[in-house]
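Here is the structure we will look at.
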Amino acid sequence: MARSKNYQDPKLEEKLKDRKYYATDSNPDFLKEVEKIGQTIAHMCYQCGTCTGSCPSAPRSSYRIRLFMRKAVLGLEEEALTDPDLWLCTTCYSCTDRCPRDIAPTDVIMAMRNLAAKRDIVPRNFLQTVQLIYKSGHGVPNNDVNRAARVKLGLEAEPETTHKYPEYIPGIQKIIDHYELKAKADRLVAQGE
Amino acid sequence: MSGNNMRQYAFFLGCIAPNRYPGIEAAAIKTSKKVGIELLPLKGASCCPAPGAFGSIDLNIWYAMAARNVVLAEQMNMDIALICNGCYKSIYEVNHKLKHNDELRDGVNEVLKEIDMEFKGTVDVWHLAELYYDPEIVGIKKLADSVTRPLTGAKIAVHYGCHLMKPKKERHFGNTENPMWIEELVAALGAEPVQYRNKMQCCGAGGGVRGYDLAHALDITNEKMINLQEVGADALTEVCPFCQLQYDRGQIEIQEKFGSTYGLPVLHYNELLGLAQGMNPDELALDLHAVDVEPFLKKIL
Ligand code: SF4
Ligand code: SF4
């Protein structure tokens with residue numbers, strides 16, 4: 001079948017699009033990268049579906065972990081990394097504890113997310129957590145209501161963390177800056193606005 | 001060990017306990033003291049960092065940031081104790097990985113060198129709940145002996161959460177299909193632990209899903225709420241402040257979004273232990289909970 005049919009109606013072109021798998025769509029390095037980052041033997045997957053059957057996200061969405069496993073094996077990098085379902089894994093590890101091939105599908109997802117992030121595909125809430133930690137050391141920082149409650153409990157208003165010892169924050173910023181992640185978070189969050 | 005026979009640990013707080021449910025922090029310190037554990041401040045610790053958010057973007061940064069927290073405890077020459085499954089995932093797992101993988105450790109140490117730190121791999125990381133269960137450290141008997149106000153007549157369901165026990169081959173808790181050890185911890189307080197369908201299902205919040213698609217996360221929580229309601233639990237207990245947030249604030253969000261009301265009080269195990277050891281509700285800041293804890297308190301006080 002022709003990959004492009006040049007139908008005059010673009011809607012029909014899309015509807016009737018050739019969905020066959022072509023070797024040229026595959027990036028064999030994708031599987032290798034996923035296995036290296038995720039430290040798991042993704043190529044051993046025999047598509048039994050135990051993972052999807054264990055997945056709390058599957059019954060309420062189009063997210064299918066088994067499908068991502070297949071895309072890893074087939075090297076379908078583009079499809080996997082641009083799919084918004086990639087971000088619906090709660091990382092509960094139920095699939096990992098049950099996979100009969102001893103694969104960690106959860107860590108395949110984590111690896112794919114790392115690769116997506118390299119292409120600047122990261123949901124906003126993830127980036128905002130980075131910004132918060134860069135600023136205060138905490139992803140969920142203290143606030144006034146909580147400070148008052150702490151004092152009533154006989155605790156200090158600020159916990160014994162970077163909140164009470166802000167002199168530790170520059171060290172954290174150095175680590176994040178080493179990977180240039182703060183700049184990236186700022187840039188991507190600003191782009192989204 | 002100090003002279004008074006207390007076991008000492010560096011207390012890793014995380015974010016949600018100290019900054020949203022400070023009663024958990026206060027209770028952890030006080031209740032542990034009564035069973036021979038002294039929790040000492042881990043000065044300058046940060047977010048663990050959030051395994052979902054940081055790990056998803058770049059696992060290497062997650063390793064380095066978690067390692068910094070571990071190194072603070074190494075400098076105190078003390079094992080870490082913590083009270084949150086999410087923190088356990090970061091701190092326990094990164095500590096374990098770096099101890100056993102030279103390539104990862106060298107990579108992390110290269111970054112830590114910039115801030116004059118080095119991961120040495122000299123301490124261990126524990127969840128406080130596992131220390132309570134361990135007969136060598138505390139054990140059920142000592143825990144039960146510390147109870148002055150048994151929670152008699154209260155039916156309590158347990159949410160284990162995900163990142164303490166799973167993935168099981170990288171942990172040491174054994175069976176993850178139907179564990180019962182936290183139920184034993186609950187029974188030690190005089191309460192009746194109750195079983196419910198699909199107990200080991202996730203709360204829905206993890207992996208960044210709560211922030212990415214709140215309705216999706218809450219729909220998972222709601223499934224758990226339905227199963228909990230079926231067995232008539234008086235309260236739900238857990239060992240993870242993030243799960244607590246998802247169940248506690250989540251019930252309000254479920255009400256707003258889906259129109260379902262449950263009113264099920266949600267208490268961290270340390271809050272329960274505090275009540276059982278005679279702490280008053282105002283020593284636990286239970287008024288900060290989104291779901292009113294009063295009906296449960298009426299049952300036990
Ligand atoms: S459970 Fe394991 S082998 Fe089965 S489909 Fe999922 S990843 Fe593949
Ligand atoms: S870890 Fe992710 S993919 Fe696996 S069962 Fe849980 S939500 Fe589904």
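Note on naming: letters A, B, ... go to the chains in the order of the sequence lines (proteins, then strands), and numbering restarts at 1 for each one.
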* With a 4.5 Å limit on heavy-atom distance, are the side chains of A:K164 and B:K43 in contact? -> no
* Structure fact -> Scored by heavy-atom pairs under 4.5 Å with chain A, the best of B:L13, B:T176, B:I29, B:L59 is B:L59
* **Interatomic distance, B:K30 atom NZ to A:L153 atom CG [nearest 0.5 angstrom]** => 7.5 Å
* **Rounded distance (nearest 0.5 Å) linking atom CD1 of B:I220 with atom SG of A:C55** => 7.5 Å
* When B:I61, B:I115, B:L288 are compared by non-hydrogen pairs under 4.5 Å with chain A, the top option -> B:I61
* To do: Look at atom CD of A:E167 and say whether more than 12 heavy atoms of other residues, nucleotides or ligands are closer to it than 6.0 Å.
  => yes
* Asked: Looking at B:A50, B:C162, B:P167, B:G23, which has the largest count of heavy-atom pairs under 4.5 Å with chain A?
  -> B:P167
* Name the member of A:C92, A:A149, A:A117 that forms the most heavy-atom pairs with chain B at distances under 4.5 Å. => A:C92
* With chain A, which of B:E223, B:R210, B:M200 has the greatest number of heavy-atom pairs at distances under 4.5 Å? -> B:E223
* Can you tell which part of B:N101 gets under 4.5 Å to a heavy atom of chain A, answering side chain, backbone, both or neither? => side chain
* To do: State whether a side-chain donor-acceptor pair under 3.5 Å links A:T96 with B:K166.
  => no
* Do the side chains of B:L72 and A:Y168 get nearer than 4.5 Å, heavy atoms only? -> yes
* So, A:D102 and B:K169, do they make that salt bridge, N to O below 4.0 Å? -> yes
* A:I175 versus B:L112: any side-chain heavy-atom pair under 4.5 Å? -> yes
* Structure fact -> Distance col, row B:D213:CG vs A:R60:CZ, nearest 0.5 angstrom, shows 11.0 Å
* **For the student: nearest non-hydrogen atoms of B:Q201 and A:P56, plus distance** => CG-CB, 4.2 Å
* Asked: Which residue out of A:N114, A:I172, A:T91 racks up the most heavy-atom pairs below 4.5 Å with chain B?
  -> A:N114
* Structure fact -> In terms of heavy-atom contacts, A:T90 and B:G204 come closest through CG2-O, 3.9 Å
* Spatial distance of atom CD (B:E283) from atom NZ (A:K152) [nearest 0.5 Å] -> 12.5 Å
* Structure fact -> Looking only at A:P170, A:P141, A:G139, A:A185, the option with the highest number of non-hydrogen pairs under 4.5 Å against chain B is A:P141
* Asked: So which of A:R124, A:Q39, A:Q128, A:R98 has the largest heavy-atom pair count under 4.5 angstrom toward chain B?
  -> A:R98
* **Heavy-atom side-chain proximity of B:E170 to A:Y93 below 4.5 angstrom** => no
* **Side chain B:N19, main chain A:N146, donor-acceptor under 3.5 Å** => no
* Asked: With chain A, which of B:N198, B:V111, B:D282 has the greatest number of heavy-atom pairs at distances under 4.5 Å?
  -> B:V111
* **Contact winner vs chain A - B:M165, B:M117, B:E177, heavy-atom pairs under 4.5 Å** => B:E177
* May I ask you to check whether over 12 heavy atoms, not counting those of B:E114, lie within 6.0 Å of atom CD? => yes
* Which atom names give the shortest non-hydrogen contact between B:P51 and A:M110, and what distance separates them? -> O-CE, 3.8 Å
* Best-contacting candidate, A:L115, A:I109, A:L155, A:T106, against chain B by heavy atom pairs under 4.5 angstrom -> A:L155
* Asked: Does a donor on one side chain sit under 3.5 Å from an acceptor on the other, for A:H138 and B:S46?
  -> no
* **Heavy-atom side-chain proximity of B:M65 to A:I176 below 4.5 angstrom** => yes
* **B:C47 versus A:I133, closest heavy-atom pair with distance** => SG-CD1, 3.5 Å
* To do: Measure B:L104 against the heavy atoms of chain A and call it side chain, backbone, both or neither at under 4.5 Å.
  => side chain
* Asked: Which atom pair, heavy atoms only, marks the closest approach of B:G207 to A:F126?
  -> O-CZ, 3.4 Å
* Parallel, tilted or perpendicular: rings of B:Y212 and A:W87 (30°, 60°) -> tilted
* **Residue pair B:H216 / A:S57, side-chain heavy-atom distance below 4.5 Å** => yes
* Would you mind reporting whether A:L181 and B:F54 have side-chain heavy atoms less than 4.5 Å apart? => yes
* Structure fact -> Test side-chain contact (heavy atoms from CB on, under 4.5 Å), reference B:R20, set A:N142, A:N143, A:V145, output is A:N143
* Name the region of A:V130, side chain, backbone, both or neither, that has any atom closer than 4.5 Å to a heavy atom of chain B. => both
* Asked: When rounded to the nearest 0.5 angstrom, what is the spacing between CD in A:E160 and CG in B:L42?
  -> 9.5 Å
* Structure fact -> Note: vs chain B, highest number of non-hydrogen pairs under 4.5 angstrom among A:I37, A:L88, A:L132 is A:L88
* For atom CD of A:Q191, is the number of surrounding heavy atoms from other residues, nucleotides or ligands below 6.0 Å larger than 12? -> yes
* Asked: Does any heavy atom of chain B fall under 4.5 Å from the side chain of A:P166, the backbone, both, or neither of them?
  -> neither
* Polar side-chain atom of A:R150 near backbone of B:P18 as donor-acceptor pair, under 3.5 Å -> yes
* Taking atom NZ of A:K118 and atom CD1 of B:I57, what is their separation to the nearest 0.5 Å? -> 13.5 Å
